[in-house]
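Only one structure is covered here, and it is reproduced in the block below.
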Amino acid sequence: MSNHSTRLRGLYAITDTTLVPDEHFNERVAAALRGGARIVQYRDKRNSPALRLKLATDLVYLCREHGALCIINDDINLAAEVGADGVHIGREDVTLEAARARLGQESIIGVSCYNRLDLAQEAEKRGADYVAFGAFFPSHTKPDAALASLDVLQKARQSLRVPICAIGGITPENAVSLRAAGADMLAVISALFAKKDIEAAAQRFLPLFPT
């Protein structure tokens, strides 16, 4: 398990190949970082190794420039190649053990737990650095995602020691209940990257994380 737990807090931006097109990738991610995103996940399911390598490399540079964490979705080899801070995996991705063996003890490994507390408890036991629950609200990115309840978030806060991330249809308005229930991180796609002023959109989440 890594020693990054104190940094696993705040606005967690996730890139999207539609809302963050390749030609505007750097400028849009930089705007989110200027606005206060503390973690950025590179999420790209396309089979374009050279392009993915370039964008992930750019993201590592941008995150370092702004003192933020860079997480790669699913691809442990890409995460290792670009020197990302870690990887995020789901139930259809590589195992937590395989990710740890490839990336080492200091890398961050986050695990999607959907709406199931038992998955989160198991992930913590196996060495996950953070767990993610959701979708808490209907999501444009994943419209078919199972919905998670505030109850599972509250129970997770009571039973887990690792940081907790909430995801799915989150806005500055509905995020208040998620923070109150115990979410350390708020993972956001559309409420950031679908906005005309991404920097301002990110800043709207900052009051939820007072210093």
Side-chain angles (χ1 to χ4, degrees), residues 1-113 123-124 126-132 141 162-165 167 184-189 192-193 198-199 202 209:
M1 187 178 294
S2 73
N3 297 313
H4 293 293
S5 59
T6 56
R7 298 181 66 191
L8 291 169
R9 181 179 184 275
L11 179 60
Y12 186 149
I14 300 180
T15 68
D16 177 86
T17 51
T18 300
L19 297 176
V20 188
D22 303 334
E23 64 271 23
H24 298 296
F25 184 88
N26 286 14
E27 66 183 79
R28 295 194 180 187
V29 170
L33 288 163
R34 288 195 307 271
R38 305 311 306 145
I39 307 148
V40 183
Q41 181 186 133
Y42 176 60
R43 183 177 183 275
D44 185 345
K45 300 294 186 180
R46 296 174 297 180
N47 183 24
S48 304
L51 178 60
R52 284 161 49 82
L53 177 61
K54 179 193 181 301
L55 295 177
T57 300
D58 288 349
L59 181 57
V60 169
Y61 175 82
L62 286 165
C63 287
R64 297 235 168 102
E65 188 177 35
H66 289 85
L69 295 170
C70 173
I71 304 294
I72 304 296
N73 180 274
D74 175 21
D75 193 334
I76 59 175
N77 291 323
L78 180 61
E81 188 169 2
V82 301
D85 294 294
V87 69
H88 185 92
I89 55 177
R91 58 187 158 202
E92 297 174 2
D93 300 328
V94 298
T95 65
L96 199 159
E97 289 78 12
R100 183 65 70 201
R102 179 72 174 90
L103 299 174
Q105 293 302 313
E106 292 305 308
S107 286
I108 296 167
I109 299 179
V111 178
S112 289
C113 299
E124 182 180 62
R126 290 164 58 195
D129 294 290
Y130 74 87
V131 295
T141 306
V162 294
I164 298 169
C165 179
I167 189 171
D184 300 290
M185 295 166 278
L186 300 172
V188 178
I189 303 174
L192 277 182
F193 294 118
I198 295 169
E199 183 175 350
F209 299 97

About how many Å separate [atom2] of [Y] and [atom1] of [X], when rounded to the nearest 0.5 Å?
{"X": "L19", "Y": "I14", "atom1": "CG", "atom2": "CD1", "result": "12.0 Å"}
{"X": "I109", "Y": "L103", "atom1": "CD1", "atom2": "CG", "result": "6.0 Å"}
{"X": "K54", "Y": "S48", "atom1": "NZ", "atom2": "OG", "result": "13.0 Å"}
{"X": "I198", "Y": "L33", "atom1": "CD1", "atom2": "CG", "result": "10.5 Å"}
{"X": "T6", "Y": "L8", "atom1": "OG1", "atom2": "CG", "result": "8.0 Å"}
{"X": "Y42", "Y": "N73", "atom1": "OH", "atom2": "CG", "result": "10.0 Å"}

Any donor-acceptor pair under 3.5 Å from [X] side chain to [Y] backbone:
{"X": "S112", "Y": "A132", "answer": "no"}
{"X": "D85", "Y": "I71", "answer": "no"}
{"X": "R52", "Y": "D44", "answer": "yes"}
{"X": "R38", "Y": "M185", "answer": "no"}

- Message: With a 6.0 Å cut-off (strictly less than), is the heavy-atom count around CD of E65, excluding the residue itself, greater than 12?
- Response: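 Enclosed: over 12 neighbouring heavy atoms sit under 6.0 Å from CD of E65.
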- Please say whether more than 12 non-hydrogen atoms of neighbouring residues, nucleotides or ligands are located less than 6.0 Å from CZ in R91.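 Not buried by this count: 12 neighbours or fewer within 6.0 Å.
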Would you mind reporting whether [Y] and [X] have side-chain heavy atoms less than 4.5 Å apart?
{"X": "D16", "Y": "F193", "answer": "no"}
{"X": "D93", "Y": "H88", "answer": "no"}
{"X": "L11", "Y": "L192", "answer": "yes"}
{"X": "L53", "Y": "L78", "answer": "yes"}
{"X": "L186", "Y": "F209", "answer": "yes"}
{"X": "R64", "Y": "C70", "answer": "no"}
{"X": "D184", "Y": "Y130", "answer": "no"}
{"X": "N77", "Y": "E81", "answer": "no"}

Looking at every non-hydrogen atom in both residues, tell me the closest pair between [X] and [Y] and how far apart they are.
{"X": "E124", "Y": "V162", "answer": "OE2-N, 3.1 Å"}
{"X": "A30", "Y": "L62", "answer": "CB-CD2, 4.2 Å"}
{"X": "L96", "Y": "A123", "answer": "CD1-O, 3.9 Å"}
{"X": "A187", "Y": "C165", "answer": "CB-SG, 3.6 Å"}
{"X": "T95", "Y": "I89", "answer": "C-CD1, 4.0 Å"}
{"X": "R43", "Y": "T15", "answer": "N-OG1, 3.1 Å"}

- Message: Using the rule given for side-chain contact (heavy atoms from CB on, under 4.5 Å), can you reason through Y61 versus N26, listing the C-alpha separation, both sets of side-chain angles and the distance that settles it, and then say yes or no?
- Response: CA-CA 10 Å; Y61 175 82; N26 286 14; over 6 Å; no
- So, are R100 and D129 salt-bridged, with charged N and O less than 4.0 Å apart?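 A salt bridge is present here (some side-chain N lies under 4.0 Å from a carboxylate O).
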- Test side-chain contact (heavy atoms from CB on, under 4.5 Å) on D74 and K45 and set out the steps. CA-CA 9 Å; D74 175 21; K45 300 294 186 180; 3.9 Å; yes
